[in-house]
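Letters A, B, ... are given to chains in the order of the sequence lines, protein chains preceding strands, and every chain is numbered from 1.
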Amino acid sequence: MVTKYQSHVLQLFCYVLFRDSKNKTYRVTFINRMACEEESKFQSWIIKQEELKSKVIRDDIYEWQQKRKDVQKIGGMDLSFIKEKDSIACAALVVCQFPDFEVIYEDISMVPMTVPYIPGFLGFREAPPLVEAFARLRNKEPHLVPDCILVDGNGTLHPRGFGLASHIGVCCNIPTVGVAKNLYQMEDLGLLRNEDHKQKISEIKNPGDHFDLETTSGTILGLALKTSASSSKPVYVSIGHMFSLQTAAWIVYHCSKYRIPEPIRQADIRSREFLRINREKIADIL
DNA sequence: GCGACAG
DNA sequence: ATCTTGTCGC
């Protein structure tokens, strides 16, 4: 088993483009390819540098701000697991109609998990099956490809500025937003679930209220957004790919019927339900 | 050496 | 992520 992640192999890079907060300049964040002690386990997930470069959009950044009125479909992704086995999971990709959130497409599949969960490296574990699901959608029902995807995990709110949501955005070449249910604590950057943080949470009371998650050096990596009047916890929104933070937050806010934005919630519900219904079949495999 | 750590 | 019932409240 992989127990530590200190023996990184730093060779390849992947990129994420987004508009910065002033909506003017484009920023490029990169992540170093990393590997654990069992590097071979990561080989198949390694993103080829050239492949990624060709996928990166340079001049044609998605003009969401101007397309708001034309938003028709928003995607959601999530994975569910069973307690008995860590190496099998259920992946769900759903597409919701906007703004009523009727589910117009779903792809639920059982997938083998070969990469362990390591905080900070979630993308290497969860992105592959979701990227595959998206590829199936693009092939089978191209007219149902959503305008953007909400991902259950962080984007730029990540120690290397490149979490699961960014990973998926680049691999699928589609705008993504990162939505996490808990704050990814990064002591180096001064982002902790401390008293100060709890205090700020208590100050955002109504849906739409939010505060920035700012690094000690002044970079805003994401924001805590109150989405539900009935939950005290906010969700943590960050840029995935091809979005400004403001737009990302706008989307999450407008997708939130409950605390978790509807497309992700639907993906979560459906993947869980699939596991429940097929629990006998799955038990046979164990 | 120990603790912390999105899903 | 997952294990877990009812229950208090709007």
Side-chain angles (χ1 to χ4, degrees), chain A residues 1-6 8 16 31 34 36 45 76-93 110-131 133 149-169 176-194 197 205-207 213 221-225 228-241 248 252 257-261 264-265 267-276 279 282-283 286:
Chain A
M1 279 303 292
V2 178
T3 52
K4 293 181 187 300
Y5 46 96
Q6 52 199 15
H8 301 160
V16 56
I31 180 176
M34 69 297 284
C36 295
W45 305 129
M77 290 175 163
D78 189 36
L79 261 69
S80 290
F81 297 83
I82 52 175
K83 59 170 182 180
E84 290 85 359
K85 209 159 168 61
D86 201 25
S87 57
I88 187 167
C90 179
L93 161 64
M110 294 303 301
V111 292
M113 302 302 291
T114 58
V115 180
Y117 169 64
I118 299 169
F121 300 86
L122 181 63
F124 287 81
R125 172 172 166 83
E126 296 201 353
L130 295 172
V131 170
I149 297 177
L150 304 188
V151 178
D152 184 16
N154 291 311
T156 55
L157 182 54
H158 179 273
R160 295 165 195 77
F162 199 92
L164 173 63
S166 303
H167 201 133
I168 288 175
T176 56
V177 178
V179 182
K181 295 183 279 297
N182 295 291
L183 176 65
Y184 188 167
Q185 304 194 78
M186 292 172 274
E187 188 157 16
D188 315 348
L189 303 180
L191 290 175
L192 292 170
R193 220 157 35 199
N194 51 24
H197 185 73
K205 307 205 71 172
N206 302 310
L213 299 168
L221 296 184
L223 49 85
L225 172 68
S228 160
S230 51
S231 175
S232 58
K233 287 183 77 177
V235 293
Y236 297 91
V237 179
S238 58
I239 294 164
H241 190 43
V252 173
K257 203 171 160 188
Y258 305 105
R259 184 170 88 102
I260 306 302
I264 292 180
R265 188 169 158 270
D268 184 69
I269 291 172
R270 282 151 205 262
S271 57
R272 291 248 271 268
E273 184 69 359
F274 187 91
L275 286 179
R276 196 185 63 76
R279 62 186 183 80
I282 297 166
L286 299 182

statement: The residue among A:Asp152, A:Val252, A:Leu225, A:Val177 that forms side-chain contact (heavy atoms from CB on, under 4.5 Å) with A:Pro261 is A:Val252
query: How long is the gap from CD1 on A:Ile168 to CG on A:Leu93, to the nearest 0.5 Å?
result: 9.5 Å
task: Using a cut-off of strictly less than 4.0 Å, decide whether A:Lys85 has a side-chain nitrogen or oxygen near OP1 or OP2 of C:dT2.
output: no
query: Roughly, in whole Å, what's the span from CG in A:Asn182 to P in C:dT2?
result: 13 Å
- prompt: Contact class for A:Leu164 (heavy atom, under 4.0 Å): base, sugar-phosphate, or nothing?
  reply: base
task: Return the value, rounded to whole Å, for the distance between atom CG of A:Leu191 and atom P of B:dA6.
output: 13 Å
- prompt: For C:dA1, does OP1 or OP2 lie under 4.0 Å from any side-chain N or O of A:Arg125?
  reply: no
Sugar-phosphate, base or nothing in reach of A:Ser230, heavy atoms under 4.0 Å: nothing
- line: Whole-Å distance, A:Asp86 CG to C:dA1 P, equals 13 Å
message: Could you tell me how far apart A:Ile282 (CD1) and C:dT2 (P) are, to the nearest whole angstrom?
response: 12 Å
- request: Name the orientation class of the two ring planes belonging to A:His158 and A:Tyr184 (parallel below 30°, tilted from 30 to 60°, perpendicular beyond 60°).
  value: perpendicular
message: Measure CZ/A:Phe124 against P/B:dA6 and give the value in whole Å, please.
response: 18 Å
task: Please report, rounded to the nearest Å, how far the P atom of B:dA6 is from the CG atom of A:Leu189.
output: 14 Å
message: If stacking means aromatic ring centre less than 5.5 angstrom from the base's six-membered ring centre, planes under 30°, is A:Tyr117 stacked on B:dG7?
response: yes
message: Check A:Asp78 with A:Arg270, please: is the shortest side-chain N to carboxylate O separation under 4.0 Å?
response: no
- request: With side chain to side chain contact (heavy atoms under 4.5 Å, CB included) as the test, would you mind laying out the steps for A:Phe274 and A:Met110 before giving the verdict?
  value: CA-CA 9 Å; A:Phe274 187 91; A:Met110 294 303 301; 3.5 Å; yes
query: Starting at CG of A:Leu79 and ending at P of C:dT2, how long is that distance when rounded to a whole Å?
result: 10 Å
- prompt: Please give, in whole Å, the distance from C:dT2 P to A:Glu273 CD?
  reply: 13 Å
query: A:Asp152 near the nucleic acid: base, sugar-phosphate alone, or nothing, with a heavy-atom cut-off under 4.0 Å?
result: sugar-phosphate
